[in-house]
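Structure record follows, encoded as structure tokens.
All values below come from the heavy atoms of this structure, side chains included, with hydrogens, waters and symmetry mates left out. Computed from a predicted model, the values in this text were never measured in an experiment.
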Amino acid sequence: MVSPPAPDQPAATHAVTNQPVPLAPYDASDDPVLLEGLRREGADWAEEGLRRLGLRAGSAEAQEWADQANRHEPVLRTHDRYGNRVDEVDFHPSWHHLMRTAVAEGLAGTPWAEDRTGAHVARTAGGLVWGHTDAGHGCPTSMTYAAIPALRREPELAKVYEPLLTGREYEPELRVPTEKRGLLAGMGMTEKQGGSDVRTNTTAASPTAESGVYTLRGHKWFTSAPMCDVFLVLAQAPGGLSCFLVPRVLPDGSRNTFRIQRLKDKLGNRSNASSEPEFDGTVAWLVGPEGQGVKTIIEMVNCTRLDCVMMSATLMRRTLVEAGHHARHRSAFGARLIDQPLMRNVLADLALESEAATTLTLRLAGAADRAVRGDTGEQAFRRIATAVGKYWVTKRGPAFTAEALECLGGNGYVEDSGMPRHYREAPLLSIWEGSGNVNALDVLRALRREPDTAQALFGELALAQGADARLDTAVARLKDLLVTASEAGARRLVEHMALTLQASLLVRHAPPAVADAFCASRLGGDWGHAFGTLPDAADLDAVLGRALPGGG
């Protein structure tokens with residue numbers, strides 16, 4: 001009789017070979033594109049802190065927080081044990097660890113309180129790094145960041161709430177806002193009958209006897225992060241669609257009416273709670289004049305759109321690192337995957353897309369930083385380029401993450417790899433803050449109504465004039481396309497604008513091999529219809545050596 005193997009001896013059939021070692025711990029800031037952009041856009045002072053955050057983001061502990069926050073999803077409690085209505089959402093402790101770190105690192109409203117050049121760039125770079133953990137908790141930090149410029153339309157409210165929204169303290173419990181050391185902000189714009197067409201909102205705002213104070217009645221279709229302390233909400237006042245500040249807890253300590261009907265069962269972003277609240281006699285404070293709700297929140301939209309671009313670029317970088325790590329440690333057909341020509345083409349093509357996305361993200365962050373400080377040229381550039389970047393980079397995200405997942409083969413299709421979570425996350429960024437059509441049409445609207453935006457865009461493109469013939473041809477074609485621009489062709493126009501802008505940035509700032517491969521494929525037409533179709537002349541070794549930690 002053959003004896004079974006001892007308990008501490010693995011069966012011969014279970015010997016693990018040809019599998020990569022765990023990626024974590026790794027340095028999420030180990031990216032020359034990120035660090036070069038940080039310095040170029042005026043936030044070199046933040047590099048030491050960014051590198052520290054990169055090590056923390058790539059740590060086994062932080063990666064475990066991200067996994068647990070998504071496996072143990074938020075749970076809605078409408079009532080307490082005694083039957084009292086509480087409308088609270090319970091999160092796994094890992095969610096709070098992620099949030100506490102993000103807020104402490106200044107990834108929420110902090111830049112608005114920092115009077116130094118590059119503060120908004122530093123925050124965006126921090127998001128590009130800390131986003132290697134979990135995307136869901138980036139929603140409340142993004143909305144908190146974006147709420148402040150809108151809130152400033154009502155100075156008395158800003159005086160009370162801004163110091164708390166810009167702080168670095170995370171206190172998740174619902175309490176009187178002014179009794180806390182730090183606050184988070186959410187938003188409630190969309191309703192089921194309108195979606196992005198917010199002017200069709202039916203939530204009604206009725207003025208009270210107290211100046212500036214209203215009561216709301218209505219039902220919001222998407223209100224994210226319902227455990228935030230305050231919300232910016234659109235509602236129809238007597239003077240038209242207006243913006244309001246709605247706190248969860250009123251100054252006297254009582255709960256404001258914020259009845260959460262359900263949490264959304266979403267494709268991705270599962271760690272974050274998105275809800276449908278009903279307002280009925282809900283107390284709210286007017287932000288900005290009546291009838292100017294859209295104008296009041298437009299600055300908020302610019303901020304959150306930048307974060308959509310940032311998070312898409314983050315997902316690209318995160319999944320590229322994972323794909324490169326797998327390819328470096330996995331062998332097939334007698335060679336490591338990383339050494340096989342076709343896999344190198346795929347990874348290099350992904351690397352080009354990632355570098356272009358990160359470079360554009362940091363350029364947009366630099367424009368935002370300078371726009372806040374009164375640079376009118378950068379204000380115009382930010383207006384057009386953020387909408388262009390929001391359309392294109394977020395559109396590229398799903399295809400990118402799918403290709404990166406495929407680099408892992410069947411291993412990438414398994415939840416334990418983390419790649420399915422990233423893949424489910426990717427489509428959100430194109431939908432949030434206006435779908436592709438909304439952003440493409442917004443670009444057309446800006447071009448027609450704000451001529452200085454086109455001037456700012458072409459001024460930016462002119463900085464690379466003469467450096468690459470393919471880019472010069474693309475700029476000339478873009479000028480022709482603007483003459484015949486139509487709504488039906490808006491996507492083609494904005495796509496060309498985005499690729500031309502990305503190419504111009506790479507021609508100016510990236511190594512020649514990177515810029516040449518990008519221009520040859522994206523502008524010159526020497527490219528297929530899937531990733532991994534770069535021309536034979538592309539310097540794959542140079543592209544991968546720059547893109548993958550430890551070299552290609």
Side-chain angles (χ1 to χ4, degrees), residues 10 14-32 34-35 47-74 91-107 125-138 141 170 172 268-272 311 313-330 336-338 354 401 404-405 407-426 547-551:
H14 289 173
V16 177
T17 61
N18 197 27
Q19 290 289 340
V21 297
L23 173 60
Y26 73 101
D27 183 358
S29 68
D30 185 11
D31 178 9
L34 169 70
L35 298 175
E47 184 170 337
E48 182 179 350
L50 187 68
R51 289 179 177 273
R52 173 180 48 77
L53 184 60
L55 290 172
R56 190 168 189 187
S59 69
E61 179 183 50
Q63 292 298 313
E64 179 67 12
W65 289 345
D67 180 68
Q68 291 299 313
N70 282 274
R71 290 183 185 274
H72 302 279
E73 297 176 11
F91 292 87
H92 189 270
S94 291
W95 166 272
H96 297 299
H97 292 319
L98 293 165
M99 284 295 303
R100 188 168 291 107
T101 302
V103 173
E105 293 290 340
L107 304 186
L128 287 164
V129 166
W130 187 243
H132 279 234
T133 57
D134 159 71
H137 77 289
T141 57
Y170 172 63
N269 205 249
R270 307 285 294 192
S271 66
N272 177 43
M311 187 51 69
T314 304
L315 283 170
M316 289 182 185
R317 179 63 187 172
R318 174 68 178 86
T319 54
L320 172 63
V321 169
E322 191 74 57
H325 175 78
H326 180 88
R328 184 176 285 122
H329 290 86
R330 177 84 165 170
R336 291 187 310 160
L337 293 179
I338 192 71
S354 176
T401 52
L405 183 155
C407 290
L408 277 66
N411 291 325
Y413 204 69
V414 176
E415 285 292 336
D416 287 349
S417 72
M419 297 295 271
R421 170 160 59 90
H422 301 317
Y423 180 60
R424 290 191 299 268
E425 193 71 37
L548 299 181

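Within a 6.0 Å radius of CD in E48, other residues, nucleotides and ligands contribute 12 heavy atoms or fewer. For Y170, the OH atom counts as densely surrounded, since its 6.0 Å shell holds more than 12 non-hydrogen atoms of other residues, nucleotides or ligands.
Using a 4.0 Å cut-off between a side-chain N of Lys or Arg and a carboxylate O of Asp or Glu, R71 and D134 do not qualify as a salt bridge. Salt-bridge formation is detected for the pair E322/R318: a Lys NZ or Arg NE/NH1/NH2 atom is positioned less than 4.0 Å from an Asp or Glu carboxylate oxygen. A salt bridge between E47 and R51 is present, with a side-chain N of the basic residue lying under 4.0 Å from a carboxylate O of the acidic one.
When every heavy atom of M311 is checked against every heavy atom of A135, the shortest pair comes out as SD-CB, 4.0 Å. Across every non-hydrogen atom of A62 and L98, the tightest pair is O-CD2, 4.4 Å. V129 and L50 get closest at one heavy-atom pair: CG2-CD1, 3.6 Å. Minimum interatomic distance between A24 and Q63 (heavy atoms only, all atoms of both residues): CB-CG, 4.1 Å. G58 and A28 get closest at one heavy-atom pair: N-CB, 4.5 Å. The two residues E105 and L53 come nearest to each other via the heavy atoms CG-CD1, 3.7 Å.
For the pair R330 (side chain) and N18 (backbone), a donor-acceptor distance under 3.5 Å is present. Side-chain atoms of E425 do not come within 3.5 Å of backbone N or O of G136 as any donor-acceptor pair.
A side chain to side chain donor-acceptor pair (under 3.5 Å) with H137 is found for one member of W95, W65, W130 and no other, namely W130.
Atom CZ of R317 is separated from atom CG of D30 by 7.0 Å, given to the nearest 0.5 angstrom. In this structure, the separation between CG on D67 and OG on S271 is 11.0 Å, given to the nearest 0.5 Å. Rounded to the nearest 0.5 Å, atoms CG (L23) and OG (S417) are 11.5 Å apart. Note that CE of M316 and OG1 of T401 are 8.5 Å apart. Values are rounded to the nearest 0.5 Å. Here H326 contributes atom NE2 and N411 contributes atom CG; the two are 5.5 Å apart, rounded to the nearest 0.5 Å. With rounding to the nearest 0.5 Å, the separation of NE2 in H132 from OG in S29 is 9.0 Å.
In terms of the side-chain hydrogen bond (donor to acceptor under 3.5 Å, both in side chains) criterion, residue partners of H72 (sequence neighbours excluded) are, by chain and number, Q68. For N272, the side-chain hydrogen bond (donor to acceptor under 3.5 Å, both in side chains) criterion is met by N269, not counting sequence neighbours.
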- request: Applying side-chain contact (heavy atoms from CB on, under 4.5 Å), run through H97 and E64 and close with a yes or a no.
  value: CA-CA 11 Å; H97 292 319; E64 179 67 12; over 6 Å; no

message: Using the rule given for side-chain contact (heavy atoms from CB on, under 4.5 Å), can you reason through L548 versus I338, listing the C-alpha separation, both sets of side-chain angles and the distance that settles it, and then say yes or no?
response: CA-CA 11 Å; L548 299 181; I338 192 71; 3.8 Å; yes

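Classified by interplanar angle (parallel below 30°, tilted 30° to 60°, perpendicular above 60°), the ring pair H329/H325 is tilted.
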